[in-house]
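Here's the structure, in structure tokens; my notes come after.
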Number of protein chains: 2
Amino acid sequence: MKHKGKATSFDIAHYAGVSQSTVSRALRNSPLVNEETRRKVHEVAAKLNYKVDKNASNLRTQQSSTLALLLFEDPTTDESKINPFFLSMLGSITRACAKEGYDLLVSFQSSSQDWRADYEDSHRADGIILLGYGDYLDYQSRLQKLLEQDTKFVCWGAKVDGRPDLTVSCDNYGGGQLAAAHLIEHKRTDCAFIGDASHHCPEFFARYQGFKDTFEKHNITLSERKMANAISTEDSGYHATKSLIANNIRFNALFAASDLIAIGAIRALQEANIKVPNDVRVVGFDNIPAASYVSPALTTIQQNTTLAGQMLVSNLLNLIRGEKVESTLLPPNLIVRNT
Amino acid sequence: MKHKGKATSFDIAHYAGVSQSTVSRALRNSPLVNEETRRKVHEVAAKLNYKVDKNASNLRTQQSSTLALLLFEDPTTDESKINPFFLSMLGSITRACAKEGYDLLVSFQSSSQDWRADYEDSHRADGIILLGYGDYLDYQSRLQKLLEQDTKFVCWGAKVDGRPDLTVSCDNYGGGQLAAAHLIEHKRTDCAFIGDASHHCPEFFARYQGFKDTFEKHNITLSERKMANAISTEDSGYHATKSLIANNIRFNALFAASDLIAIGAIRALQEANIKVPNDVRVVGFDNIPAASYVSPALTTIQQNTTLAGQMLVSNLLNLIRGEKVESTLLPPNLIVRNT
DNA sequence: CCACACTCTGACACCGGTGTCATAATGTGG
DNA sequence: CCACATTATGACACCGGTGTCAGAGTGTGG
């Protein structure tokens, strides 16, 4: 019963004394096959350590039980450090896939290069999940191309008007509102914002809008001067905050568009001998693992990554199955810690 | 020239006015095909947005240009937080795969459940990378089974004597030596160790051994009492350190088996009003991204994840190609920060 | 002009499954 | 006992490529 190479369904058929067709049916528990034959086949298959050849199976059925994840990195980020928020997402997406019986192909994309978005074209994956902040070079036109090719995909991130793709995202606007309400409650109305309030990054923009609008509802106008641009890295947050301080701009609260930015901001504040939270309260966004490790522990707006991963996967699967799917907005959550 | 469904090589053949065989050859730039035909075929293929069907191709060639990554989680860790060190590894492995033209299938394994290690059996992947700390339930016997099946795989982690698998690992023993040398240099010889010095986690054990041996070379014996067990989480490090303090155990330096443990330890020290690094110097292990964010920034032993990822992938590929491969030991690196 | 090498192309089997169709075996009612 | 439904099985085409082999077409030397 020893073999060279992997066993095929023909081997099983031979040893079980049935035809290969029957083996195939038996292994997939088709009701067409007799209970006893089924048992016999399963038994032989187990003994030979037989596994269905996915390539053959996929080829025939024209589907792969595999999803592809394209992770877009912040172009300026150094290559060994990946945004921890996306890593959390990756974890939950993997798990969600596994739960649905799908495998996951992971690819990190440098947005500068050509996308490696041909997983579906080449029948490697049934659908694609796009993960990344911001609006990359040619993002729109590339999405358009995916749509034209009738590729099944879902995006993580802000729903942009006029972009007809299916998205799952955190309610960034609502998160901004939560942050504002929290600071107002603590009478900190002289606020700085570190992030990017332009349209480059729709997520950051929405967070800022929700933040600003809430203040305005309380008849407080945020000063344009107290804003600094930053991308989602610790370093960028540090330098942006540093430049505010250097320009002698004062504030008693700071809202950062992401936790990494917030962590960098806190470093800059502490270096300038500004006490957190006594002098300046800080609120971040994402609730990355490190947020609870830094000291003082970061107050932040949590995105529910577990749920997000599940929604991305289940929306994508529904799309693949041809069901009607709507873009999904997930509620954020204020986590009050020590800043 | 508009099609329903995806184009096949027959479609290309039809439009290019050649046979399907020639299309296949032309697309793979076989020297057998005439330059002009080659160009023509490529042109038509591009126009039809043709992509080779990987399933068909893999089925025929019996290889998948895909590697699988099995990530074993610390069983006690809450599901949304994954050890950041492994996430860094994941990033570098992805990149290394891409560079070699391989795709990567990612799977998170709960070690309690059955391994999902049949990627090779089912021809989904040409080889497997195993990533995880420690010696899990049935780890040995499962590896044995992989070996018997002649599955190609490499492991990250300590080389355990008598385990005939191919590994890539950081020189954990050497890292422990570095940590010890650093502390001795600063005259901190009254050291605590937080981790697991038993054999449960061979990586942690090797780190401790290198640490201890270096002290002994300086005629200093580490007190068994100043050790506490912890798994690689912030929380575990916190509680372990807390219990040392509660037992009135004093020390002026602390070596943590991982950065997460170190970060938890620092929190416990600070809560007990013990100053870091003035009262207690702390050295971690891994150099996870958060290590540089926490304050004071963590002094730690760096593992070169970029190189590690590359070595895992290239060793595995060599193994697949049937070349002779040796287990690889990577040199660690002391990163001095503020603890 | 023929033998032979060389270049390029097409026909065809093949990879290992899945789905369809035909059919053998058995049971059931009239 | 025959007509017919029901159940279980095998034969076979098929998915879309790749590799082998045979042969057409052209060139070169004797």
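Just so you know, these numbers come straight off a predicted model, no measurement behind them. Every chain is numbered from 1, with letters handed out A, B, ... down the list of sequences. Computation of the quantities below employed the complete heavy-atom set of this structure, encompassing side-chain atoms and omitting hydrogens, waters and symmetry-equivalent molecules.
Formation of a donor-acceptor pair under 3.5 Å by the A:Thr22 side chain with backbone atoms of A:Val18 is not found in this model. Between the side chain of A:Ser30 and the main chain of A:Ala26, no donor-acceptor pair closer than 3.5 Å is present. Remark: side-chain polar atoms of A:Asn315 are not paired, donor with acceptor, to backbone N or O of A:Leu312 under 3.5 angstrom. Counting only distance, with no hydrogens or angles, the side chain of B:Asp126 and the backbone of B:Ser65 share a donor-acceptor pair below 3.5 Å. Remark: side-chain polar atoms of B:Ser327 are paired, donor with acceptor, to backbone N or O of B:Thr167 under 3.5 angstrom. Checked by atom type and distance alone, the side chain of B:Ser57 never pairs as donor or acceptor with a backbone atom of B:Asp53 at under 3.5 Å. Checking side-chain atoms of A:Asn304 against main-chain N and O of A:Leu307 turns up a donor-acceptor pair under 3.5 Å.
Partners of A:Glu35 by side-chain contact (heavy atoms from CB on, under 4.5 Å), not counting sequence neighbours, listed by chain and number: A:Arg38, A:Arg39.
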Could you pull out the protein-nucleic contacts involving nucleotides 20-26 of chain C (nitrogen or oxygen on both sides, under 3.5 Å)?
residue : atom : partner : partner atom : Å
C:dT20  : O4   : A:Arg25 : NH1          : 3.3

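Within the 4.0 angstrom heavy-atom criterion, base atoms lie near B:Ser24.
Shown here for B:Tyr15 and B:Lys40, the closest heavy-atom pair between the two residues is O-CE, 4.4 Å.
Looking at residues 53-62 of chain B, you'll see B:Leu59, B:Arg60, B:Gln62 sit with a heavy atom under 4.0 Å from some atom of DNA chain C. Near-neighbour residues of DNA chain D inside residues 121-128 of chain A, defined by a heavy atom below 4.0 Å, are absent.
Within the model, atoms OH of A:Tyr50 and OG of B:Ser122 stand 10.0 Å from one another, a figure rounded to the nearest 0.5 Å. Rounded to the nearest 0.5 Å, atoms OG1 (A:Thr8) and NE2 (A:His14) are 11.0 Å apart.
If B:Thr22 and A:Ser9 are placed on DNA chain C by their nearest nucleotide, the residue sitting closer to the 5' end is B:Thr22.
Using a 4.0 Å cut-off between a side-chain N of Lys or Arg and a carboxylate O of Asp or Glu, A:Lys51 and B:Glu120 do not qualify as a salt bridge.
Mapping heavy-atom proximity under 4.0 Å, the span of DNA chain D touched by chain B runs 5' to 3' from D:dG16 to D:dT20.
For the 3.5 Å distance criterion, the side chains of A:Gln63 and A:Asn58 fail to qualify, holding no donor opposite an acceptor. Looking at B:Arg28 and B:Ser24, their side chains do bring a donor and an acceptor atom within 3.5 Å of each other. Side-chain contact annotation: A:Arg95 with A:Thr306, donor-acceptor N/O pair under 3.5 Å absent.
When the C1' atoms of four end pairs are superposed on the next four at each end of the helix from C:dC1-D:dG30 to C:dG30-D:dC1, using five pairs per end, the two resulting axes differ in direction by 60°, to 10°.
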